[in-house]
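Heavy atoms only: backbone and side chains are in, while hydrogens, waters and symmetry mates are out.
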Amino acid sequence: MAKSFKLQVITPSKLFYEGDVELVIVRTLTGEEGYMADHSWACKLLDVGDIWIQEAGGKAFKGATVAGGFVDVMNDIIIYTDAAEWADDIDRERALEEQAAAENWLNEHLGPDENPEHIERAQISVSKQKARLHMTDSTSRRRK
């Protein structure tokens, strides 16, 4: 068994996850990174995407999506994010509908007269839904 460390995933509304883990893989703004016990200190911005957690003594990974944020790697690791969702809790049909709605809005509102903040929010919504759909695809492949 590999050495473990404490992981916390914190959202503004709750402590999403807390436990002893051997490995956590996150998507930073520059690509995927994995962290194990005794990793050197790091503080990285997270992109919208997957996190994969291998709990202490476990072989399988637990998957979740996060809405960006940052990871603080010290003796323990803390992930701060605006939102997190377990793969099993994702409603695939709802994610497809929300992605389509955001993409339709973008198609109708892209232009110089549109508020850039509104465009950015719609683009973030599309990214979040794509991450949620990717997570459901990834976990369904792992179960087979």
Side-chain angles (χ1 to χ4, degrees), residues 4-56 58-144:
S4 65
F5 59 93
K6 289 250 184 262
L7 171 68
Q8 292 182 320
V9 179
I10 301 172
T11 72
S13 62
K14 66 183 175 184
L15 177 61
F16 176 75
Y17 177 85
E18 182 174 35
D20 292 325
V21 303
E22 293 178 9
L23 174 65
V24 62
I25 301 170
V26 298
R27 181 183 307 268
T28 69
L29 295 180
T30 57
E32 287 189 344
E33 293 189 15
Y35 303 105
M36 299 176 78
D38 299 326
H39 193 284
S40 60
W41 179 83
C43 186
K44 303 272 183 114
L45 291 174
L46 296 178
D47 201 353
V48 172
D50 307 342
I51 62 170
W52 293 97
I53 301 167
Q54 183 181 23
E55 294 182 314
K59 298 269 188 238
F61 281 83
K62 294 175 82 166
T65 60
V66 295
F70 69 96
V71 58
D72 191 7
V73 180
M74 297 179 287
N75 292 332
D76 298 327
I77 296 179
I78 303 174
I79 295 173
Y80 299 95
T81 182
D82 286 336
E85 187 174 21
W86 292 114
D88 292 340
D89 296 337
I90 296 171
D91 181 339
R92 185 170 175 73
E93 293 305 314
R94 185 172 147 232
L96 285 167
E97 290 170 7
E98 289 181 17
Q99 179 182 350
E103 287 173 341
N104 288 338
W105 187 92
L106 280 169
N107 289 334
E108 294 171 8
H109 293 88
L110 278 179
D113 297 333
E114 189 60 51
N115 183 331
E117 290 179 22
H118 295 163
I119 292 172
E120 183 178 11
R121 275 189 249 153
Q123 290 169 332
I124 290 170
S125 178
V126 170
S127 294
K128 286 179 182 178
Q129 300 320 313
K130 284 182 178 181
R132 295 173 76 218
L133 292 166
H134 179 263
M135 177 57 65
T136 62
D137 293 342
S138 296
T139 54
S140 67
R141 282 193 303 268
R142 287 176 187 261
R143 289 184 185 129
K144 291 180 181 177

message: Could you check whether any side-chain heavy atom of V24 comes within less than 4.5 Å of a side-chain heavy atom of I79, counting everything from C-beta outward?
response: yes

field: Least distance between heavy atoms, A37 atom then S4 atom
entry: CB-O, 4.0 Å

- line: For E18 and L15, the nearest pair of non-hydrogen atoms, with its separation, is OE1-CD2, 3.4 Å

message: If you apply the rule side chain to side chain contact (heavy atoms under 4.5 Å, CB included), what do you find for V21 with F5, and how did you get there?
response: CA-CA 6 Å; V21 303; F5 59 93; 3.3 Å; yes

task: Decide if atom CZ of R94 counts as having more than 12 heavy atoms of other residues, nucleotides or ligands within a radius under 6.0 Å.
output: no

task: Report the residue from D20, N75, D76 that forms a side-chain hydrogen bond (donor to acceptor under 3.5 Å, both in side chains) with K6.
output: D20

Distance (rounded to the nearest 0.5 Å) between I25 CD1 and I51 CD1: 10.5 Å

- line: Tightest non-hydrogen contact, residues W86 and G63, listed as CE3-O, 3.4 Å

query: For A122 and A102, which heavy atoms make the closest approach, and how far apart are they?
result: O-CB, 3.9 Å

- prompt: Do side-chain atoms of N104 reach the backbone of A100 as a donor and acceptor pair under 3.5 angstrom?
  reply: yes

message: For G58, is there any backbone N or O sitting under 3.5 Å from a side-chain donor or acceptor partner on Q54?
response: yes

- prompt: Side-chain contact, heavy-atom cut-off 4.5 Å: E33 with K44?
  reply: yes

Beyond-backbone contact of H134 with D50, side-chain heavy atoms, under 4.5 angstrom: yes

task: For residues T65 and A131, report the shortest heavy-atom separation together with the two atoms involved.
output: CG2-O, 3.4 Å

query: Any side-chain heavy atom of V73 sitting closer than 4.5 Å to one from W41?
result: no

message: Between D47 (side chain only) and G49 (backbone N and O only), is there a donor and an acceptor less than 3.5 Å apart?
response: no

message: Rounded to the nearest 0.5 Å, what separates atom CD1 in I124 from atom CD in E120?
response: 4.5 Å

message: Is any side-chain heavy atom of I78 closer than 4.5 Å to one of I10?
response: yes

Intermediate values then yes/no, side chain to side chain contact (heavy atoms under 4.5 Å, CB included), T81 and V9: CA-CA 7 Å; T81 182; V9 179; 4.2 Å; yes

query: Does the ring of W52 carry K62 above it, NZ/CZ under 6.0 angstrom from centre and within 45° of its axis?
result: no

- prompt: Does K14 offer a backbone N or O that forms a donor-acceptor pair with the side chain of T11 under 3.5 Å?
  reply: yes

Heavy-atom side-chain proximity of Y35 to L7 below 4.5 angstrom: no

field: 4.5 Å side-chain heavy-atom contact, Y80 and V71
entry: no

message: Evaluate Q123 against V126 for side chain to side chain contact (heavy atoms under 4.5 Å, CB included), listing each step before the verdict.
response: CA-CA 5 Å; Q123 290 169 332; V126 170; 5.7 Å; no

- prompt: Should I119 and W105 count as side-chain neighbours, where that means a heavy-atom distance under 4.5 Å?
  reply: yes

